[in-house]
Amino acid sequence: MQFQNSIIETKWQKRWEEERVFKAVDFSDKPKWYGLVEFPYPSGIGMHVGHLRAYSSLEVISRKKRMEGYNVLFPIGFDAFGLPTENYAIKTGIHPRIVTDANIKTFISQLKSAGFSFDYDRIIDTSSEEYYKWTQWIFIQLFKHDLVYKSKTFVNYCPKCQVILSNEESQGGKCDRCDSQVEQKQKDVWFLRITKYAQRLLDGLNEVDFTARIKTEEENWIGRSEGAYIDFITTTKHEIKVFTTRADTIYGVSFLVLAPESPLLTDLLPFINNKEEIENYIQETKKKTEFERLNFNKNKTGVELKGLKVIHPLTKKEIPLFISDYVILSYGTGAVMGVPAHDQRDYDFAKKFSLPIVEVIKGGDISEKAFEDVETGILINSPLINNLDVEEAKKTIITYLENNKLGEKTVQYKMQDWAFNRQRYWGEPIPIVYCEHCGQVPLNEEDLPLVLPNVKEFLPSINGDSPLANVPEYVNCKCPKCHRPAKRETDTMPQWAGSSWYFLRYCDARNEQEFASFDKLKYWMGVDWYNGGMEHVTRHVIYSRFWNLFLNDIGVVPVAEPYKKRTAQGLILGADGEKMSKSRGNGVDPTEMINIYGADALRTYILFMGDYELPTPWDPNGVKGAKRFIDKVIRLFEIVDLSKDEYTLETLIHQTIKQVSKDIENLKFNTAISALMILTNALAELTSISKKDYQVLITLLSVFAPHICEELNEGLGNKNILANSKWPEYLEEKTIENTIEIAVQVNGKLRGTVKIKRDSKQKDIEEKAFLLPNVVTALIDKTVIKTIYIPNKILSIVIK
RNA sequence: GCCGGAGUGGCGAAAUCGGUAGACGCCCAGGACUUAAAAUCCUGUGGGUAGCGAUACCCGUGCCAGUUCGAUUCUGGUCUCCGGCACCA
């Protein structure tokens with residue numbers, strides 16, 4: 001049999017499409033299974049081998065699930081709003097809509113050419129009006145539920161380009177376009193109040209099956225820490241609340257520090273006598289970029305607020321108050337208590353300003369650095385909690401503070417509210433209008449979508465405003481409430497918006513009345529398995545879990561947690577072991593691979609190359625090997641005896657079905673394929689094999705190499721489509737070998753093996769084992785102390 | 001600094017309720033087919049020592065210890081690499 005890949009690939013791709021093999025059927029009686037992969041950004045370069053690896057896992061599992069009788073939803077779409085397309089538009093003048101449409105077309109044809117079994121009828125495009133209408137609708141619901149607010153914050157601003165930059169665009173404190181120094185500029189920013197959901201996002205992790213490393217990363221990102229607020233009073237009767245996780249060290253406090261941006265300073269300033277010095281420091285801090293501020297770890301700076309002191313709540317001693325940029329406004333209260341003996345940052349600060357370093361925990365040496373160990377320390381110099389260990393001391397002191405109204409137990413999160421606007425053209429317009437009379441007014445739902453106007457100039461306008469600010473007919477509008485003239489918000493939503501709910505849209509992708517019908521959501525949600533990149537685990541996965549939780553709260557989505565299970569694939573590295581990149585030139589073009597070796601070989605290699613969850617370098621010869629394997633399977637066809645209907649290698653067949661089935665569910669595709677190679681090699685030894693043998697082989701292999709297996713299935717005289725047929729089953733008792741090999745060890749060293757029937761008596765095995773020549777030699781002049789027999793595995797002889 | 005993950009042949013990797021380390025594949029070498037090459041097929045392939053040879057023995061899962069008849073797997077310590085977070089109080 002001679003095959004040309006391109007011909008049979010096209011043939012079967014067409015058949016699958018014509019016969020709607022991969023169509024997910026709403027409300028089917030079969031059990032449903034929803035497999036989700038992260039939808040791609042349709043970049044101009046087209047599909048990357050990384051995309052293939054990311055999708056292959058659930059592609060294989062989806063195919064298997066269908067064959068096991070599930071009604072499978074395995075959708076794909078495009079996360080199409082984004083900066084690269086906009087930058088391309090700025091460069092070429094071609095409208096992002098045109099570029100995006102062309103790119104999507106390329107992607108779809110590439111996905112199909114790889115034989116991916118997506119339900120192509122449910123494709124969505126986040127940049128289409130039909131889709132972003134609902135993204136805007138959800139935004140308005142969030143707004144109505146007080147989860148959206150506008151607040152001033154500092155942003156990276158390039159004075160030369162007059163553009164606001166993201167952290168990525170201003171690395172090292174320089175603008176990545178013109179290299180000039182980035183400044184911190186105050187700007188009104190829309191925020192989503194995700195912090196309100198912090199605890200629930202953390203708790204939800206207990207209900208889902210995410211791999212351990214994913215859970216840990218999410219937990220770290222949310223960053224819960226338990227501690228206490230402690231109230232300090234100044235000599236001017238101002239209250240300063242600090243947050244600490246180490247309330248036990250309260251007797252070690254020798255100073256207090258405020259963040260330079262702290263609003264408390266406004267109240268304190270009139271009472272101090274070095275105002276000018278303080279104001280200068282505040283100005284200097286503003287000039288520093290975030291990068292600079294984080295960069296000088298050891299060398300602390302700061303200024304004391306002169307003319308007032310803070311009274312220690314327990315000792316009543318007066319201690320100094322400082323401002324310093326090592327304290328961040330956005331975490332805790334923007335004020336910290338300085339315990340130099342037991343916090344390295346406070347230690348560095350105390351050294352710089354010659355402040356007292358009071359040891360309150362015994363067990364360390366504080367002459368060179370702070371003693372931060374919480375495991376072993378015992379409290380000293382702390383009247384109320386002396387001799388307690390750290391944990392007990394924390395509890396005791398917090399109870400005392402609470403009873404005396406000096407503080408309280410509290411929980412803080414590192415996670416911050418989600419900055420939700422960009423000064424960009426190619427994004428969802430924010431459906432808010434500014435009215436002089438009514439304030440911030442959301443559009444009426446019947447006026448959605450708020451359509452992105454067609455512009456010719458994509459460059460941001462002066463002051464870093466969005467290009468939309470240059471479109472008067474867009475900006476000037478009527479207030480939805482009072483109908484008087486008003487102005488529109490000109491910013492757009494960030495890239496993360498559209499992807500925060502796309503898994504819901506797939507359930508009902510063409511709905512024009514709602515973002516998705518509740519009944520369909522009820523049928524399909526939650527996502528049974530979500531696979532994607534590790535890099536999206538903190539942002540995208542948390543953001544979308546937040547949106548879903550919210551939509552569940554307002555009763556429009558039936559489940560609280562959207563994803564039942566989440567896994568992540570490892571990166572495909574270049575052949576040089578480095579991350580694939582344009583500049584290194586170590587990338588691989590999947591289309592070229594398909595043209596040379598065929599889609600089946602490429603798919604098989606990508607899953608065979610290594611542990612799916614770990615980064616693996618690309619081996620240019622690896623695809624060749626996969627192709628050789630597939631050719632070997634094809635050659636086997638020649639020795640199939642269609643009249644034979646019994647397994648030729650029964651045990652091995654059952655073993656292979658078992659291993660392949662199990663391995664696929666555990667993402668161990670490399671060993672699943674290896675098992676198929678072993679079976680193929682064993683069958684190839686024979687002069688004739690049965691149709692039944694071959695049928696199992698190609699059915700199992702079809703999830704990896706679907707095209708050729710369909711062709712071979714047809715060659716066997718079958719009329720059915722293999723992708724629709726039944727997944728093979730195995731019997732556990734038939735996987736067990738009757739004759740086995742027992743290893744014989746003498747003092748832990750292998751000295752031979754004994755072939756014997758399974759479950760033989762130890763006596764019979766020993767009889768044979770002691771006759772093994774190497775055992776005999778080893779036993780010369782020695783005494784056998786004991787023998788240990790592990791049934792069906794090993795016989796261990798101990799001698800002296 | 002903190003939190004994850006990983007160190008096994010020339011390469012990608014298998015095998016972990018402790019039980020024949022290196023399955024499977026790549027590379028490489030030799031052979032077959034061919035005028036020749038490619039492709040394909042067959043054989044070999046962790047390192048070392050001895051032997052013409054079948055073979056035998058020793059070493060070997062980052063490093064150092066420990067537990068055990070037996071450790072890639074368990075325990076303690078240690079080094080390196082990768083990823084994430086980071087003046088988070």
Side-chain angles (χ1 to χ4, degrees), chain A residues 211-221 223-225 227 242-246 249 257 293-298 300 324-328 330-339 342-346 348-349 372 412-416 534-535 537-538 568 570-571 573 575 577 579 604-605 608-611 613-629 631-632 635 668 670-678 680-681 684 741-754 773-774 777-778 785-799:
Chain A
T211 55
R213 59 176 179 154
I214 295 177
K215 264 191 199 180
T216 323
E217 275 200 18
E218 294 209 1
E219 281 164 9
N220 290 348
W221 181 265
R224 179 191 157 101
S225 54
V242 304
F243 171 71
T244 180
T245 55
R246 296 296 306 278
T249 61
V257 194
R293 215 172 138 168
L294 301 182
N295 213 16
F296 304 108
N297 278 350
K298 283 276 171 191
K300 299 278 183 285
S324 170
D325 63 5
Y326 86 91
V327 176
I328 299 165
S330 56
Y331 186 74
T333 59
V336 304
M337 59 183 214
V339 186
H342 306 290
D343 181 285
Q344 191 56 44
R345 295 154 300 176
D346 297 345
D348 296 338
F349 192 80
E372 293 180 320
Q412 291 292 316
Y413 301 91
K414 279 189 209 168
M415 188 167 75
Q416 293 183 25
M534 216 46 211
E535 70 277 18
V537 154
T538 46
L571 281 179
L573 307 173
K579 215 167 165 173
T604 304
Y605 171 61
F608 180 66
M609 64 194 300
D611 186 327
E613 298 181 87
L614 296 177
T616 314
W618 181 264
D619 178 355
N621 289 311
V623 203
K624 235 194 283 179
K627 173 93 172 96
R628 273 204 276 263
F629 161 57
D631 287 344
K632 199 164 186 177
R635 248 179 288 124
K668 300 291 175 200
N670 49 344
T671 46
I673 292 166
S674 146
L676 291 169
M677 288 172 170
I678 290 168
T680 304
N681 291 344
E741 228 179 18
I742 308 269
V744 180
Q745 292 186 343
V746 178
N747 279 3
K749 290 215 164 86
L750 183 71
R751 288 291 178 248
T753 58
V754 170
N774 292 342
T777 339
I785 297 172
K786 60 175 171 178
T787 57
I788 298 158
Y789 176 58
I790 308 298
N792 299 323
K793 278 192 177 158
I794 201 160
L795 181 75
S796 186
I797 301 165
V798 188
I799 59 166

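Every chain is numbered from 1 and lettered A, B, ... according to where its sequence line falls, protein lines coming before strand lines.
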Does [N] pair with anything, Watson-Crick or G-U wobble, both distances under 3.5 Å, and if so, with which nucleotide?
N	result
B/G70	none
B/U78	B/G62
B/U49	B/A56
B/G83	B/C3
B/C41	B/G31
B/A14	none

Exam field: side chain [X] to backbone [Y], donor-acceptor pair closer than 3.5 Å:
X	Y	result
A/Asn747	A/Ile799	yes
A/Arg751	A/Ile797	no
A/Thr680	A/Leu676	yes

So does [X] get a side-chain nitrogen or oxygen closer than 4.0 Å to the phosphate oxygens (OP1/OP2) of [N]?
X	N	answer
A/Asn670	B/G12	no
A/Asn681	B/A23	no
A/Arg345	B/A86	no
A/Arg213	B/C3	no

Please state the [atom1] separation for the pair [N] and [M] - nearest whole angstrom.
N	M	atom1	answer
B/U72	B/A14	C1'	11 Å
B/G46	B/G10	C1'	10 Å
B/U34	B/A39	C1'	11 Å
B/C17	B/U73	P	13 Å
B/G22	B/U61	P	14 Å
B/C82	B/G30	P	38 Å
B/U67	B/G18	C1'	12 Å

Counting side-chain heavy atoms from C-beta on, which of [options] comes nearest to [X]?
X	options	answer
A/Lys793	B/C26, B/G25, B/G19	B/G19
A/Tyr331	B/A89, B/G25, B/C26	B/A89
A/Asn774	B/A89, B/A56, B/C69	B/A56
A/Lys414	B/C27, B/C85, B/C87	B/C85
A/Ile788	B/G25, B/C69, B/A13	B/C69
A/Asp325	B/C87, B/G70, B/A15	B/C87
A/Thr216	B/G4, B/A89, B/G25	B/G4
A/Arg628	B/C24, B/C69, B/C27	B/C27

Open item on the list: Does the plane of the ring in A/Tyr331 sit parallel, tilted or perpendicular to the ring in A/Phe243? Use 30° and 60° as the thresholds.
Closed with: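 A/Tyr331 vs A/Phe243 ring planes: perpendicular.
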What is the distance, rounded to the nearest whole Å, between atom [atom1] of [X] and atom [atom2] of [N]?
X	N	atom1	atom2	answer
A/Arg224	B/C88	CZ	P	19 Å
A/Arg751	B/C57	CZ	C1'	8 Å
A/Phe608	B/G12	CZ	C1'	8 Å

Open item on the list: Once rounded to the nearest 0.5 Å, what's the spacing between atom OG1 of A/Thr249 and atom CE of A/Met337?
Closed with: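 Going from the OG1 atom of A/Thr249 to the CE atom of A/Met337 covers 4.0 Å.
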Do [X] side-chain and [N] base share a donor-acceptor contact under 3.5 Å?
X	N	result
A/Glu613	B/G5	no
A/Ser796	B/C69	yes
A/Lys624	B/C26	no

Task: Any side-chain heavy-atom pair of A/Met609 and A/Asp619 under 4.5 Å - done: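 No; the side chains remain at least 4.5 Å from each other.
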